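For reference, the structure is listed below as structure tokens.
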Amino acid sequence: MTESQEKLDEGRKDLIIGNWKMHHTHLEAIQVIQKLSYRLDLADYERVDVGVAPPFTALRSGQTVIEADRLPIHLGAQDTHFAESGAFTGEISAPMLAKLSVRFVIVGHSERREHFGEDDALVNQKAKAVLAAGMTPVVCVGETLEIRESGDTNEWVTGQVAGAIKGIEDLSKLVFAYEPIWAIGTGRTPSTDDAAGVIDVIRAALGDAGDVVRVLYGGSVNAGNIADFMAKRTIDGALVGGASLDPDSFASIVRYWV
Ligand code: PGA
């Protein structure tokens, strides 16, 4: 049996998400999604759930092209506010995203934690807001180089998972992404054994839900290394930054087995 088939038997279909960060205007987004769709066929979508997370300003364009062409691409957002509505100038709520056919929302990305002071409690509130609006939270966790070098990665990540899931009863609706901060945008990656080991720690922190929750790897994933990560049974997919901006490169990642 292939690793991929084993994952499927456990109910975990591969999921590969492009996190565009602060890149691409709404016009570029249309082009990128269309080009991506030319390069993928139905067999690809059957094997892998494909997601793109453009900036807020491109979500409406993304929705329009995905719906008009009936593309099986999952639209995602990179963040949300936790409140349904209110006096929060500049913010976007989960119900607003759900109205745009957004299906998943990245929460707790390390760039949000580092540059915008997001802590585990806020990540938890956001994850709850995303679930309440009927979407999937993609919760990011991961250690700094300092934490890794001091040997505390497992404790750190376990703490982040515990903080993120506090008070959430049905954990099966969550997706996690293990993103070592030192691997993001650096071209450096942990070994696949290392990544799989930390992902198993994340599964353990999820208790009974650990077998059913999809856990992705993220950090300098590209067309050259994706297959190695995907060969690990515990790794259900990838959260891809830089290499997802170009549709050719992202399509090669999605079609990692070809
Ligand atoms: P990268 O980013 O692929 O550019 O390293 C990953 C991420 O931040 O999700």
Side-chain angles (χ1 to χ4, degrees), residues 14-24 28-29 32 36 48-56 58-59 62 73-80 102-118 123 126-127 130 136-145 147-148 153 156-157 160-161 164 174-192 194-196 198-199 202 213-230 232 235-256:
D14 285 347
L15 169 62
I16 298 184
I17 294 172
N19 170 16
W20 294 0
K21 308 191 181 184
M22 199 167 72
H23 296 283
H24 292 327
E28 289 161 343
V32 170
L36 179 64
V48 180
D49 282 337
V50 181
V52 293
F56 290 131
L59 286 174
I73 294 175
H74 299 227
L75 187 64
Q78 300 171 18
D79 187 29
T80 184
V102 165
R103 299 180 52 187
F104 68 89
V105 181
I106 299 169
V107 294
H109 189 281
S110 64
E111 287 151 16
R112 302 288 323 164
R113 294 181 192 254
E114 186 188 339
H115 303 304
F116 303 96
E118 297 197 4
V123 171
K126 291 186 176 194
V130 172
T136 300
V138 178
V139 180
C140 301
V141 297
E143 81 287 1
T144 59
L145 194 55
I147 292 170
R148 170 156 287 244
T153 298
W156 175 260
V157 168
Q160 285 185 314
V161 173
L174 296 171
V175 169
F176 274 82
Y178 168 52
E179 298 208 304
I181 296 171
W182 51 273
I184 296 177
T186 59
R188 293 181 61 194
T189 60
S191 72
T192 55
D194 254 352
V198 180
I199 286 179
I202 293 170
V213 167
R214 289 192 283 188
V215 187
L216 318 180
Y217 167 75
S220 295
V221 170
N222 57 43
N225 62 23
I226 179 73
D228 295 336
F229 286 107
M230 298 306 286
K232 292 284 175 191
I235 302 181
D236 298 320
L239 184 54
V240 187
S244 74
L245 294 175
D246 173 70
D248 288 318
S249 147
F250 190 52
S252 311
I253 292 171
V254 169
R255 312 184 78 222
Y256 66 90

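Heavy atoms only: backbone and side chains are in, while hydrogens, waters and symmetry mates are out. Both counts, for ligands and for their atoms, begin at 1 and track the order of listing. Computed from a predicted structure; not experimentally measured.
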Are the charged groups of D14 and R214 less than 4.0 angstrom apart, N to O?
no
Expected contact list for ligand 1 at under 4.0 angstrom, heavy-atom basis, is N19, K21, H109, E179, A183, I184, G185, G219, S220, L239, V240, G241, G242
Ring pair (Phe, Tyr, Trp, His ring centres under 6.0 Å) against H74, all qualifying residues, sequence neighbours excluded:
none
For D248, what residues pass the salt bridge (Lys or Arg N to Asp or Glu O under 4.0 Å) criterion, not counting sequence neighbours?
R39
For residues 216-228, pull every pair meeting side-chain hydrogen bond (donor to acceptor under 3.5 Å, both in side chains), keeping only residues two or more places apart or in separate chains.
none
Pairing of K232 and D194 as salt bridge, 4.0 angstrom limit:
no
Carboxylate-amine/guanidinium contact E118 R113, below 4.0 Å:
no
